[in-house]
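Worksheet for the structure shown next.
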Amino acid sequence: MNNDEDNGRFDRDERQRPLVVQVQRARGYGTVAELEDEKPASVRELERQIFMAEWGPILALPVKSVRGGFQAAIDEFGHLDWGAFGTEDFARLHGPFDKARYKIGKLKVELRNAVIMLEMVAAKVSGAVIDSLMAGLRKGTIELEDLADWNQYFFAQRYLRVKRLRAEIRELREHRFRRRAQAAGLAG
């Protein structure tokens, strides 16, 4: 007999048998490096770690903030807490909250979405029809109720929406400019 018998690789009959698989862990739970061994990792924690391993580099890429700028925290009494940004220098640089500027920003986002929708609908209407529709809508000779074709109707509807949003943004900018001029004493 050779040393292989002592290792358990052969039976007494000298026939080859498959290797024995030994269990490496005593429990059937997964473990997490940060947790103690007594606590089994939950399925949610394991999924979070897999998600972070796969998507972590993508999530770490810099992006433009949707909210933009600094946001104040609101405490339990409803008071704004600007933290380090509540200093006099911050107030001097950024000034008080401007409702008109905020509304203009919201309308710009809405306008961008409306333009995208207009472009999508415009792809279904021919160029000559688009030109005649836009001219008729500007002059007021064409009404939405007059349009029988659905693609033309939706194009006209989106066009009027874009036109209205642009007019609202223009009016808010003019109002803001007049208000700032009055505050500076330039206009009577």
Side-chain angles (χ1 to χ4, degrees), residues 44 47-48 51-52 54-188:
R44 182 170 274 180
E47 286 176 351
R48 187 192 70 76
F51 178 80
M52 290 307 295
E54 291 176 355
W55 291 95
I58 294 172
L59 295 173
L61 292 173
V63 295
K64 180 182 173 186
S65 172
V66 176
R67 298 184 329 181
F70 304 108
Q71 297 293 322
I74 300 174
D75 63 5
E76 63 270 9
F77 302 112
H79 301 292
L80 295 177
D81 178 24
W82 289 96
F85 303 107
T87 62
E88 289 297 320
D89 193 40
F90 180 80
R92 180 181 57 84
L93 290 175
H94 295 284
F97 180 74
D98 188 3
K99 287 183 182 179
R101 184 174 61 187
Y102 176 78
K103 176 95 175 175
I104 289 171
K106 292 291 185 181
L107 287 174
K108 280 184 177 180
V109 170
E110 194 175 335
L111 175 65
R112 186 184 75 222
N113 294 336
V115 168
I116 291 170
M117 290 295 292
L118 178 68
E119 290 173 354
M120 288 171 46
V121 174
K124 297 185 177 213
V125 181
S126 68
V129 174
I130 288 175
D131 292 338
S132 65
L133 276 175
M134 287 173 50
L137 290 170
R138 268 191 233 116
K139 293 177 186 175
T141 57
I142 297 177
E143 295 292 325
L144 286 177
E145 296 82 23
D146 299 337
L147 299 173
D149 184 27
W150 284 106
N151 291 328
Q152 292 177 12
Y153 174 81
F154 287 125
F155 175 81
Q157 186 184 35
R158 294 295 162 191
Y159 175 75
L160 291 175
R161 180 175 171 81
V162 167
K163 188 175 170 184
R164 181 185 56 81
L165 287 172
R166 285 185 176 157
E168 262 187 79
I169 291 172
R170 189 178 329 107
E171 288 173 11
L172 280 171
R173 282 185 177 156
E174 290 171 0
H175 172 71
R176 186 169 175 245
F177 178 74
R178 284 193 306 269
R179 193 182 67 214
R180 289 176 73 193
Q182 286 176 351
L186 299 176

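Just so it is clear, the values below take in all heavy atoms, side chains as well, and ignore hydrogens, waters and symmetry mates.
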**Request:** Measure the spacing between CD1 of Ile116 and CG of Leu111 and express it to the nearest 0.5 Å.
**Result:** 10.0 Å
**Request:** State, to 0.1 Å, how close Ala122 and Ile130 come at their nearest heavy-atom pair, and which atoms those are.
**Result:** O-CD1, 3.6 Å
**Request:** Could you tell me the separation between the NZ atom of Lys106 and the CD1 atom of Ile104, rounded to the nearest 0.5 Å?
**Result:** 13.5 Å
Only pairs under 3.5 Å count here: list side-chain donor-acceptor contacts from residues 167-176, not counting sequence neighbours, and write none if there are none.
| unit_1 | atom_1 | unit_2 | atom_2 | d |
| --- | --- | --- | --- | --- |
| Glu168 | OE2 | Arg164 | NH1 | 2.6 |
| Arg176 | NE | Asp98 | OD2 | 2.6 |
| Arg176 | NH2 | Asp98 | OD2 | 3.4 |

Show every donor-acceptor pair shorter than 3.5 Å between a side-chain atom in residues 140-150 and any protein atom, with sequence neighbours excluded, or say none if there are none.
| unit_1 | atom_1 | unit_2 | atom_2 | d |
| --- | --- | --- | --- | --- |
| Thr141 | OG1 | Gly136 | O | 3.4 |
| Asp146 | OD2 | Glu143 | N | 3.3 |

Could you list the donor-acceptor pairs under 3.5 angstrom formed between side-chain atoms of residues 151-163 and any protein atom two or more places apart in sequence or on another chain?
| unit_1 | atom_1 | unit_2 | atom_2 | d |
| --- | --- | --- | --- | --- |
| Tyr159 | OH | Arg138 | NE | 3.1 |
| Arg161 | NH2 | Glu110 | OE2 | 2.6 |

